[in-house]
Amino acid sequence: MADGRSQVRRRAGVRLWLSAIWLLLLILLAIFAPHIAPKDPLEQDLFSGRLPPFWVHGADKSFLLGTDSLGRDVLSRIIFGTRIALAVAFISGTLTCIIGAGLGLLAGFYRGWVDVLVSRFIDIWMAFPPVLFSILLIAVIGPGLFSIILAIVVIDWTRFARVIRAEAMSQGAMDYVASARVAGRGKFGTMLREILPNVLPIIVVLLTLEMGIAVIVEAILSFVNLSISTDDPTWGGMISEGRTSIHQAWWVLVFPLITLFLTVLSFSQLGEGLKDRFDPVLR
Amino acid sequence: MALLQTLLLRLVTTAVTLFGVAVIVFFVIRVVPGNPIAMMLPPGATQADIDQLTALYGLDKSIPQQFLIWGLGVLHGDFGTSITLRQPVLALVLGRLPATLELSVMALVMAVLVGGAAALTGTRLRATKVEGGIDIANGMALSVPDFLWGLVLILVFGVLVPVFQISGRVTPSLQLPFVTNFYLVESIVRLRFDLTKDLLSHMFLPAVALAIPLAAIIGQLLKQSLKETMHLDYVTLARTQGYSEARVIWREALPNAILPTLTLVGVQFTFLIGGTVIIERLFSYEGLGNMAIDAVINRDLPLIQGIVILFAVIFTGVNLVVDLTYAALNPRLRHG
């Protein structure tokens with residue numbers, strides 16, 4: 001039995017490290033994009049449109065992963081696309097986390113009318129298809145980086161609120177909370193100093209998962225042409241173009257798709273790996 | 001008695017939720033800058049034309065007044081008229097609903113079959129390489145959402161090995177004898193299996209994309225419950241009576257282990273239906289979700305309202321059914 005457990009942990013450890021390395025690589029790519037990218041991601045060259053990647057016959061070796069229909073370099077666009085993807089992941093993930101976890105804590109620990117209100121809103125939010133909701137919001141506030149972040153926060157706060165509310169409720173019923181109160185700590189202080197540290201591991205896991213979701217939402221919105229402008233390089237925008245020219249130029253779809261796939265997988269494996277680390281049963 | 005009380009309470013909260021959805025959608029989409037009426041008219045239209053049409057759609061009144069008129073209409077089954085398609089919203093939405101329902105139910109059936117088989121196999125062959133393999137496959141399937149699976153499927157089975165259709169609901173050149181919009185069901189009832197084959201070939205990939213994450217969840221949770229049940233005394237007793245391991249799992253452990261999975265499937269089914277919005281777009285499948293995205297892009301306010309409300313009715317309806325089924329199946333709740 002002990003053997004099986006250490007095996008599970010080792011496997012989880014490998015996945016954790018692989019995911020972390022991939023995400024670190026993306027962060028470096030995003031920061032140093034102008035130095036790493038071989039071409040200008042916006043530069044069009046209609047005479048070299050839809051060139052295949054370097055190993056295929058008819059390729060121009062200076063466009064390593066080929067070009068799209070406007071002759072833009074696929075590799076450079078993927079590299080610059082990391083900037084928007086990561087910006088959306090980190091900013092919207094953090095904001096969603098703060099608002100959602102905050103409301104969840106308040107509702108779960110204070111109960112009463114705050115809980116009634118928050119729970120009612122969670123119910124209403126759960127009755128919306130999230131993708132449709134986000135498209136609707138972007139249509140209302142207009143496309144752009146800020147709008148995407150806002151839409152993700154407005155829609156996904158319930159992911160945190162639901163879980164943290166339940167956790168805060170069960171933590172709040174425990175003896176150590178009562179002792180803190182008896183020892184003279186105020187209610188708000190108890191929430192921040194006693195409850196919050198105990199739910200923090202769950203918050204970290206949810207935050208990691210949320211970042212992966214944010215990357216996907218950005219890609220989906222780019223896919224329906226509601227994200228940033230169509231010129232700016234985003235993975236979703238490239239995938240959207242690739243989907244329409246799939247029979248003529250598969251590489252326009254395949255390379256951004258692989259990048260997006262690995263990124264989403266990494267965020268989620270990182271979250272799952274952290275969950276195992278924090279799980280006392282496995283430890 | 002307790003069951004009746006639960007039912008009434010749930011009906012009231014469901015009504016409140018639906019009202020909340022209606023209010024939010026109605027007000028949110030009216031903040032939209034840009035006049036949808038102006039987009040409908042040819043460039044040479046005069047101000048008088050615009051005013052007349054605006055009044056026709058009731059858009060000249062205040063927002064609370066509009067909500068009141070719309071709300072009263074909805075209670076009578078009148079959801080207004082689509083601005084871009086110029087047909088009653090209810091008829092348009094109900095016309096598309098069967099396509100989305102057929103797709104969702106097909107995906108659900110796939111997920112239950114595959115996830116269930118994975119859980120049963122994993123339990124039968126627990127602590128072997130097979131179980132490890134199933135766990136890894138489950139983890140992968142869970143980590144990646146339906147949208148990405150859809151794209152991967154398009155590449156692999158639409159382009160690399162083109163065995164399935166990747167666009168639309170049915171081949172457009174076919175003559176369809178259908179009177180309802182439940183094409184798949186009707187093709188089977190009419191014994192037109194050539195059409196059934198064509199429909200399935202279009203539905204297969206989007207349904208698989210929707211089913212993959214749900215199958216993984218079912219596989220994971222059911223396997224966990226089964227393995228816990230396998231340690232219970234009554235299962236050991238059945239084993240000592242000489243029943244085969246497969247029979248013990250199927251007949252003794254499964255009925256007891258299935259309840260948590262059942263509840264989860266219900267909740268997850270609403271997520272699956274929500275996923276149809278983008279999956280239908282990806283596969284150009286003519287369902288409700290695809291229509292919804294068009295409606296948003298065209299600023300077709302009455303149509304957006306109608307579709308969102310219908311989705312909310314489906315979601316809350318599924319949740320209601322799940323809760324009641326759970327209450328009816330769980331003896332502790334029934335007598336509590």
Side-chain angles (χ1 to χ4, degrees), chain A residues 1 4 7-8 11-12 15 19 119-142 154 209 212-213 216-217 219-221 223-226 236 239-240 242-243 246-247 250 253-254 256-258 260-262 264-272, chain B residues 13-14 16-21 23-25 28-33 127 132 135-136 139-140 142-145 147-149 151-152 154-155 158-160 162 166 267 270-271 273-279 281-282 288-289 292-293 295-297 299 304 307-309 311-316 319:
Chain A
M1 218 41 203
Q7 209 180 350
V8 168
R11 210 188 296 143
R15 279 184 300 178
S19 316
S119 303
R120 189 64 29 229
F121 270 102
I122 291 177
D123 274 355
I124 294 175
W125 254 238
M126 295 286 288
F128 275 106
V131 172
L132 185 53
F133 198 4
S134 58
I135 291 170
L136 198 60
L137 278 179
I138 299 288
V140 172
I141 47 187
V154 168
L209 296 175
I213 293 169
I216 280 288
V217 171
I220 287 178
L221 291 171
F223 183 78
V224 287
N225 280 332
L226 282 168
I239 287 173
S240 176
R243 168 73 177 88
I246 191 169
H247 292 291
W250 53 267
L253 174 62
V254 169
L257 179 60
I258 293 174
L260 182 59
F261 197 93
L262 288 177
V264 172
L265 196 64
S266 296
F267 272 120
S268 131
Q269 291 299 321
L270 195 66
E272 294 296 323
Chain B
T13 50
T14 303
V16 174
T17 304
L18 287 179
F19 182 74
V21 169
V23 171
I24 288 173
V25 176
V28 161
I29 59 180
R30 274 171 177 68
V31 187
V32 182
D135 283 346
I136 290 175
M140 275 283 286
L142 260 180
S143 300
V144 177
F147 175 64
L148 283 187
W149 285 124
L151 284 164
V152 172
I154 286 181
L155 269 175
V159 179
L160 219 56
I166 56 171
V267 178
T270 61
F271 294 155
I273 297 173
T276 58
V277 175
I278 194 68
I279 289 295
R281 191 68 174 182
L282 190 54
L288 208 50
I293 294 181
V296 172
I297 290 171
R299 306 260 151 102
I304 298 172
I307 297 175
V308 175
I309 298 290
F311 268 115
V313 168
I314 297 173
F315 279 28
T316 47
N319 281 330

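Hydrogens, waters and symmetry mates play no part in the numbers below; they use all other heavy atoms, side chains included. Naming: A, B, ... by sequence-line order, numbering from 1 per chain.
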What part of [X] lies closer than 4.5 angstrom to a heavy atom of chain B: side chain, backbone, both or neither?
X: A:L253; value: side chain
X: A:I213; value: neither
X: A:L257; value: side chain

Taking the side chain as C-beta and beyond, is there a heavy-atom pair between [X] and [Y] under 4.5 Å?
X: A:F133; Y: B:F311; result: no
X: B:L160; Y: A:W250; result: no
X: B:T270; Y: A:M126; result: no

Mind checking the [atom1]-[atom2] spacing from [X] to [Y]? Nearest 0.5 Å is all I need.
X: B:I154; Y: A:R243; atom1: CD1; atom2: CZ; value: 4.0 Å
X: A:L132; Y: B:R281; atom1: CG; atom2: CZ; value: 11.5 Å
X: B:T17; Y: A:I122; atom1: OG1; atom2: CD1; value: 11.5 Å
X: A:L136; Y: B:I293; atom1: CG; atom2: CD1; value: 11.0 Å
X: A:F223; Y: B:L151; atom1: CZ; atom2: CG; value: 6.5 Å

Segment of [X] engaging chain A (4.5 angstrom heavy-atom cut-off):
X: B:F147; result: side chain
X: B:T276; result: neither
X: B:F271; result: side chain
X: B:I166; result: both
X: B:V313; result: neither

What about B:F315 and A:F128, are their ring centers closer than 6.0 Å?
->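 For B:F315 and A:F128, the ring centres are not under 6.0 Å apart.
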Just give me the residue among B:I24, B:T316, B:V16 that pairs up with chain A most often, heavy atom to heavy atom, under 4.5 Å.
->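 With the most close heavy-atom pairs to chain A, the winner is B:I24.
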Would you name the heavy atoms of B:V21 and A:A127 that are closest together and state the gap between them?
->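 Of all heavy-atom pairs spanning B:V21 and A:A127, the closest is CG2-CB, 3.9 Å.
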Option that, when pairs with chain B are counted at under 4.5 Å, heavy atom only, ranks first among A:L137, A:V131, A:I258 |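 Maximum pair count with chain B is reached by A:V131.
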For each of A:L260, A:L265, A:I220, tally heavy-atom pairs with chain B at distances under 4.5 Å, and name the one with the top tally.
->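 Result: the option with the highest number of such pairs is A:I220.
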State which residues pass side-chain contact (heavy atoms from CB on, under 4.5 Å) with A:L209; sequence neighbours excluded, sorted by chain then number.
->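 Per chain and number, A:L209 pairs via side-chain contact (heavy atoms from CB on, under 4.5 Å) with A:V205, A:S268, A:E272.
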Pick one: which of B:L288, B:I314, B:V277 meets side chain to side chain contact (heavy atoms under 4.5 Å, CB included) with A:P129?
->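 So the option named by the test is B:V277.
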Determine, step by step, whether B:F19 and A:I124 satisfy the side chain to side chain contact (heavy atoms under 4.5 Å, CB included) criterion, reporting the C-alpha distance in whole Å, the side-chain angles of both residues, the deciding distance to 0.1 Å, and the verdict.
-> CA-CA 9 Å; B:F19 182 74; A:I124 294 175; over 6 Å; no
